[in-house]
*Asks:* 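After the structure tokens below, expect a handful of questions from me.
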Amino acid sequence: MQTRESVLEKFSTFLQFDTDWVSRWVSDPKLQRSMKNCLAQSSQSQQISEHFWALYWHKIWQTQSNHLSAAHLTAYLQEVSYWTAKKMMLTFSSSQSFADLFQISLTKIEKILAKFEPQQGVTLEKYASLVFRSIIRDELRQRREVDICSDWGLLHKLSQKKLLESLRYQGLKSETINELLKAWKCFQTIFVPTEARNSRKIPEPDPAIWTAITQLYNKQSTQKPLTSEQVKKLLETGAKMARSYLYPKFVSVDAPKPGFEQGTFLDDLPATFDESLLSEIIAQEEAENRNQMRSLLNAVLLRALVKLDVPSQKLLQLYYGQGLTQQEIAQQLEMKQYTVSRRLASHRQSLLLTLAQWSQTTLHYSLNTDVLNNMSIILEEWLKVHYNHPDQA
DNA sequence: GCATCGATAAGTGCCTCTCA
DNA sequence: TGAGAGGCACTTATCGATGC
């Protein structure tokens with residue numbers, strides 16, 4: 001992809017896709033006129049950076065919320081979206097098309113503009129990059145999960161609201177929707193999966209369960225009684241409609257294999273497919289998160305560290321810098337091993353708290369156990385590097 | 001304004017457990 | 001087996017409420 005050079009281009013051109021690949025930059029005449037006017041009115045336009053114009057259009061968007069400012073910013077973030085989508089595609093070996101990943105991120109522009117806070121010291125480009133990654137990752141994970149879900153797993157975890165939306169979307173008559181919903185409620189009432197640990201692997205209910213579901217259904221229905229096979233078909237139809245409604249662009253893996261009356265792509269999936277792939281994704285994600293956080297939070301940690309009193313800094317220096325054991329430090333400082341342990345833990349906790357607060361307010365990270373665990377790992381690594389190779393920290 | 005009291009948080013000591 | 005951390009009990013520091 002050829003990168004855009006001028007500010008005018010950056011705020012008025014969009015990527016055009018040829019099949020699934022980027023072919024060229026296309027200029028939007030309206031945005032081009034608007035940007036030219038702005039540049040002409042600014043006597044120092046040559047010196048003003050793209051970051052200024054990003055902040056300028058963001059300010060306009062915040063105060064007036066007009067389409068023009070959003071369009072300028074969407075044009076500006078094309079490259080960020082491009083590189084993020086490309087990186088995520090390589091990282092996750094995604095089966096989704098590049099154009100899809102690119103579009104997925106750009107559909108959330110409004111959300112990014114709403115949450116971006118320039119005063120936090122992060123550029124819009126950097127902030128968008130972080131959010132795009134998160135959006136694509138979540139979308140991939142969600143799609144992967146549903147794609148490999150069995151009909152029964154999908155039906156089991158669907159909410160009534162989503163199922164109803166799916167059926168209405170398919171244009172079914174209200175009587176048919178009611179019958180399907182009734183069958184689904186009976187399914188939810190009677191069927192309790194034995195493999196509750198992993199809803200995606202939920203197998204088909206056994207014949208006795210189908211009989212019970214059918215009996216309950218017929219008891220509640222005023223229509224002609226159905227057989228177990230008919231109730232099963234009804235629910236399978238519901239599952240397929242929900243799948244196609246929730247994820248319309250992608251071919252479901254439980255669709256019949258071409259040329260075969262029976263059997264689905266789902267049947268061909270190895271039993272460990274989802275777990276290994278998800279573990280891989282999560283591992284890569286954690287490693288990437290750690291690297292990204294390390295560079296971003298370096299300055300924050302340095303500031304937090306110099307705020308500690310001298311004895312605390314000496315304790316950290318002895319432990320992380322000189323590599324002394326807690327027992328050795330205890331002898332040197334004339335205290336007990338457990339006091340050294342407690343103080344080290346206390347300092348780590350204090351630094352972790354600083355990190356967490358900064359991440360929450362600046363990057364809008366939602367703090368959960370995983371995020372805090374990652375931060376804790378980063379902190380530990382950072383302390384070792386800082387006290388041994390300060391230039392690399 | 002000052003002294004007292006109670007609640008709470010933080011620190012410490014001892015012992016023990018977990019893990020590599 | 002040694003390093004490090006956690007549980008429990010106790011002490012100390014801090015802070016707000018109350019009474020004089």
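Order of the sequence lines fixes the chain letters, A, B, ..., with proteins taken first and strands second; residue numbering starts at 1 for each chain.
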*Asks:* Whole-Å distance between C:dG2 C1' and A:Glu328 CD?
*Replies:* 12 Å
*Asks:* For A:Lys336 and B:dG11, give me the distance from atom NZ to atom P, rounded to whole Å.
*Replies:* 20 Å
*Asks:* Centre-to-centre under 6.0 Å for A:Tyr320 and A:His386, is that the case here?
*Replies:* no
*Asks:* Rounded to the nearest Å, what distance is computed from the CD atom of residue A:Gln349 to the C1' atom of nucleotide B:dA10?
*Replies:* 11 Å
*Asks:* Classify the nucleic acid contact of A:Thr339 as base, sugar-phosphate or nothing, counting any heavy atom under 4.0 Å across all strands shown.
*Replies:* sugar-phosphate
*Asks:* Find the distance A:Leu324:CG to C:dG2:P and express it as a whole number of Å.
*Replies:* 18 Å
*Asks:* Taking only side-chain N and O atoms of A:Gln337, does any of them lie within less than 4.0 angstrom of OP1 or OP2 on C:dG4?
*Replies:* no
*Asks:* Do side-chain atoms of A:Thr339 reach the backbone of A:Met335 as a donor and acceptor pair under 3.5 angstrom?
*Replies:* no
*Asks:* Return yes if some donor-acceptor pair links the side-chain N/O of A:Thr211 with the main-chain N/O of A:Pro207 below 3.5 Å, else return no.
*Replies:* yes
*Asks:* Taking everything shown except A:Gln349 itself, do over 12 heavy atoms lie less than 6.0 Å from its CD?
*Replies:* no
*Asks:* Any N or O donor-acceptor pair under 3.5 Å from the base of C:dG4 to the side chain of A:Arg342?
*Replies:* no
*Asks:* Are OP1 or OP2 of C:dA5 and a side-chain N or O of A:Ser341 less than 4.0 angstrom apart?
*Replies:* yes
*Asks:* Reading DNA chain C 5' to 3', what string of ( ), [ ], | and . shows its pairs, if Watson-Crick and G-U wobble pairs count only when both distances fall under 3.5 Å?
*Replies:* ||||||||||||||||||||
*Asks:* For the ring-ring contact (aromatic ring centres under 6.0 Å, His included) test, which of A:Trp53, A:Phe52, A:Tyr76, A:Tyr56 pairs with A:Phe11?
*Replies:* A:Tyr76
*Asks:* Rounding to an integer number of Å, can you tell me how far A:Leu318 CG sits from C:dG4 P?
*Replies:* 13 Å
*Asks:* Check the phosphate of B:dC14 against A:Tyr338, side-chain N and O only, distance under 4.0 Å to OP1 or OP2. Yes or no?
*Replies:* yes
*Asks:* Calculate the interatomic distance between A:Gln326 atom CD and C:dT1 atom C1'; express it in whole Å.
*Replies:* 16 Å
*Asks:* When you measure from the side chain of A:Ser350 to the backbone of A:Ser346, do you find a donor-acceptor pair of N or O atoms at a distance under 3.5 Å?
*Replies:* no
*Asks:* Atom NZ of residue position A:Lys182 - does it have more than 12 heavy atoms of other residues, nucleotides or ligands inside 6.0 Å?
*Replies:* yes
